[in-house]
Amino acid sequence: MPHAELLTPGGMQELTAALQRATPSSRLLAGGTDLIRSMHQDHWEPDLLIDLTGVRELDYVRLEDGMLRVGALTTFAELQADPLLRRHARCLAEAAAQVGSAQIRNVATVGGNIANASPCADTVTALVALGADVRTVDGGGRSATRPLAQILVGSGRTSLAPDEAITEVSFAALGADQRTTFAKIGSRSTVTVARLSIALIVKYDAGACIVSGVRVALGAVGEFAFRDARLEELLEGRPANAESARLFADGCMEAVRRAIPGRYSLPYKQHAMLGLAYDVRLDSENISLNTAAV
Ligand SMILES: Cc1cc2nc3c(=O)[nH]c(=O)nc-3n(C[C@H](O)[C@H](O)[C@H](O)COP(=O)(O)OP(=O)(O)OC[C@H]3O[C@@H](n4cnc5c(N)ncnc54)[C@H](O)[C@@H]3O)c2cc1C
């Protein structure tokens, strides 16, 4: 087996020069937690490996004009601890905190989580709920921005061109009246890939105890994380109480059935989704759908 040529760009200019040489058999290397495992397990090598880890300007979290901007090389450990995300996009910080082990979170990146396009990718579920856009650069030095939903085309498949690298993911920062959470179920309690995940964002009127502006994304159901408008409408304008919690849980089960009708895993996923939906709590103020605000 021929060995891959390794390029180690040290900045954006060198990265675009490296991308010019990319072919469909080339790969970008970030944390390597998916790519290196896949190369070892499946006994293959790309013709060219472009190591992104020297492009340090792709590692940041910034708040600019109400938009949160996260560089593609930002690791889960950084996302999990970032004060801007914990304040304005808590579901993303929570999703990052639940990825793998501390060793994985120290090196694995948000760009890799998106590009790997696993149906179980935790931060992707949160980013879909947040309505994220993805910015890329290609070998011609051209930048483009498109919705995350246009990047994900199937399990393990993206619309990224071979010479296209993700540079940033961005979304509107959540306001003080918005609450958000992320939860997942795996086959173990820790270091586990999601069998189901859910990210929920609502506006909460504490005086009236009413939720609105509902956004729900489900992950590890079907080929990629998605929002379900019918599920979101169920909660819109409702009080945070036991009846709403029941409606939400039933709606989540129905959304799973719509997404994977006839799939062998449907009975398990519907049942598990019921438990996950009842577990949903909203953020540090601990607004729970099933007990009213506390
Ligand atoms: C033990 C273990 C546990 C795990 N647990 C979880 C978990 O709980 N939740 C979860 O979501 N994931 C989990 N993962 C998967 C993995 O850690 C994530 O998908 C991670 O985000 C991949 O990022 P990376 O930087 O390591 O990507 P890499 O492995 O370097 O790359 C992955 C893919 O993305 C491409 N790529 C990387 N960066 C870019 C970029 N900027 N632009 C375009 N393409 C790019 C690469 O070419 C490759 O195809 C686990 C992995 C392991 C080994």
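In each ligand, atom 1 is the first atom listed, and ligand 1 is the first ligand listed.
- Pairing each heavy atom of Ala255 with each of Asp228, the nearest pair is CB-OD2, 3.6 Å.
- Ligand 1 has no nitrogen or oxygen under 3.5 angstrom from a nitrogen or oxygen of Arg27.
- Where the criterion is an N or O separation shorter than 3.5 Å, residue side chain and backbone included, Leu28 meets it with respect to ligand 1.
- Every N/O-N/O distance between Ala72 and ligand 1 stays at or above 3.5 Å.
- Contacts with ligand 1 closer than 4.0 Å are made by no heavy atom of Gln103, backbone or side chain.
- Near Ala30, with a cut-off below 4.0 Å to any heavy atom, the atoms of ligand 1 are 25 (O), 30 (O), 37 (C), 38 (N).
- Side-chain atoms of Thr167 come within 3.5 Å of backbone N or O of Arg135 as a donor-acceptor pair.
- Of the options Ile166, Val134, Asp34, Thr136, the smallest heavy-atom separation from atom 42 (N) of ligand 1 is shown by Ile166.
- Counting only N and O atoms by type, the side chains of Arg37 and Gln41 include a donor and acceptor under 3.5 Å apart.
- Of the N or O atoms in Gly32, one or more lie within a sub-3.5 Å distance of an N or O in ligand 1.
- Near Ala121, meaning under 4.0 Å from one of its heavy atoms, ligand 1 places the atoms 11 (O).
- Across Glu45 and Ala4, no two heavy atoms sit closer than the pair OE1-N, 2.7 Å.
- If you look at Leu52 next to ligand 1, the close heavy atoms, those under 4.0 Å, all belong to the side chain.
- Checked against Arg105 for a side-chain hydrogen bond (donor to acceptor under 3.5 Å, both in side chains), the options Gln98, Gln80, Glu78 give a single hit: Gln80.
- A side-chain hydrogen bond (donor to acceptor under 3.5 Å, both in side chains) check over residues 6-22, counting only residues at least two apart or in different chains, returns the pairs Glu5-Arg21.
- By the 3.5 Å distance cut-off applied to N or O atoms, Thr123 is not counted among the residues near ligand 1.
- For the residue pair Ser170/Asp133, the side-chain donor-acceptor check at 3.5 Å is not satisfied.
- When all heavy atoms of Phe224 and Leu152 are compared, the closest pair comes out as CE2-O, 3.8 Å.
- Distances from atom 23 (O) of ligand 1 to the heavy atoms of Cys120, Gly112, Ser38 show the closest one on Gly112.
- At a 4.0 Å cut-off, not a single heavy atom of Ser118 sits close enough to ligand 1 to count as contact.
- For ligand 1, one of its N or O atoms has an N or O atom of Thr109 under 3.5 Å away.
- Side-chain contact check for Ser159 and Gln150: no donor-acceptor pair (N or O, by modelled atom type) lies under 3.5 Å.
- Residue contacts with ligand 1 for Ile104 involve side-chain atoms from C-beta outward but no N, CA, C or O (heavy atoms, distance under 4.0 Å).
- Note: an N/O pair closer than 3.5 Å links Asn113 and ligand 1 by distance alone.
- A donor-acceptor contact closer than 3.5 angstrom links the side chains of Asp47 and Thr23.
- In this structure, Met12 shares a hydrophobic cluster with Leu7, Leu15, Leu19, Leu28, Leu48, Ile50, Leu52, Val55, Leu58, Leu73, Val137, the cluster being traced through Ile, Leu, Val, Met, Phe, Trp and Tyr side chains under 4.5 angstrom apart.
- For the pair Val99 and ligand 1, the shortest N or O to N or O distance does not fall below 3.5 Å.
- Counting all heavy atoms, side chain and backbone alike, Ala129 lies closest to Ala199 at CB-CB, 3.8 Å.
- In this structure, of Gly156, Ala96, Gly100, Gly219, the residue bringing a heavy atom nearest to atom 4 (C) of ligand 1 is Gly100.
- Considering backbone and side-chain N/O atoms, Val107 never comes within less than 3.5 Å of an N/O atom of ligand 1.
- Atoms of ligand 1 found under 4.0 Å from any heavy atom of Gly31, numbered from 1 in the order shown, are 24 (P), 25 (O), 26 (O), 30 (O).
- For ligand 1, the atoms sitting less than 4.0 Å from at least one non-hydrogen atom of Phe76 are 20 (C), 21 (O), numbered in the order shown with element in parentheses.
- For the pair Arg90 and Phe182, the cation does not sit on the ring face, since its NZ or CZ is not both under 6.0 Å from the ring centre and inside 45° of the axis.
- Taking each of Pro46, Ala108, Ala115 in turn, the one with a heavy atom nearest to atom 36 (N) of ligand 1 proves to be Ala115.
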